[in-house]
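Worksheet: one structure, shown below.
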Amino acid sequence: MHSIPRGRVTSYGVVAKLAGLPRGARLVGHVLANLPEGSALPWHRVVNSRGTISFPIGSERYREQRERLMTEGVSFRSEKIDWRQFGWPSTLD
DNA sequence: TTCTTGACGCGCA
DNA sequence: ATGCGCGCCAAGA
């Protein structure tokens, strides 16, 4: 199973790659979109390659994901994740 | 079975 | 930095 790496924010593309699907970024999105409610998967730690939340800004989901991330200590710079707190996105899992 | 849509990604102007 | 187009894979109409 492809579980999401814990303790760090990652992107759909990276997850897909780790799962052996180099071009399956959208797949990951589809999977997360179809997640059961009780799922323990940290979906909120998955963002797109731009480092932004893949929801319309201001939408309910957007707000929730951002809220969760910030709760975990992830800082944002405007609408984009401030990778400076990790070093650089290439150091993703 | 074909067309459209969607929690994506990358290259180019 | 911003917008646009094309490629990718799956699910639903």
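Sequence lines set the chain letters: A, B, ... in the order given, protein chains first and strands last, and positions in each chain run from 1.
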Separation of B:dG6 P from A:Y62 OH (nearest whole Å)
19 Å

Could you check whether any side-chain N or O of A:E79 sits under 3.5 Å from a backbone N or O of A:I57, counting only pairs where one atom can act as donor and the other as acceptor?
no

Could you tell me how far apart A:H44 (NE2) and B:dA7 (C1') are, to the nearest whole angstrom?
14 Å

Working to the nearest 0.5 angstrom, can you tell me the gap between A:R63 CZ and A:R68 CZ?
13.5 Å

Is any side-chain heavy atom of A:V47 less than 4.5 Å from a side-chain heavy atom of A:Q65?
yes

Under 4.5 Å between side-chain heavy atoms, counting indirect links through other Ile/Leu/Val/Met/Phe/Trp/Tyr residues: same cluster for A:L41 and A:L21 or not?
no

Heavy-atom pair of closest approach, residues A:A25 and A:A16:
N-CB, 3.7 Å

Rounded distance (Å) that lies between atom C1' of B:dG6 and atom CZ of A:R61:
11 Å

Using nucleotides 1-4 of chain C, report all nitrogen or oxygen pairs with the protein that are shorter than 3.5 Å.
none

Protein heavy-atom contacts under 4.0 Å, written 5' to 3' over nucleotides 8-13 of chain B as B (base), S (sugar-phosphate only) or - (none), form the string BSS---

Lys/Arg cation over aromatic A:F76: A:R66, 6.0 Å, 45° cone
yes

Roughly how far apart are A:T52 OG1 and A:R77 CZ, rounded to 0.5 Å?
12.5 Å

What distance separates A:I53 CD1 from A:E64 CD, expressed to the nearest 0.5 Å?
10.0 Å

What distance separates A:E72 CD from A:H44 NE2, expressed to the nearest 0.5 Å?
3.5 Å

Do you know the tightest heavy-atom contact between A:I81 and A:Q85?
CG2-NE2, 4.2 Å

Paired stretches of DNA chain C - 3 or more consecutive Watson-Crick or G-U pairs, each distance under 3.5 Å
B:2-6 with C:9-13, B:8-13 with C:2-7

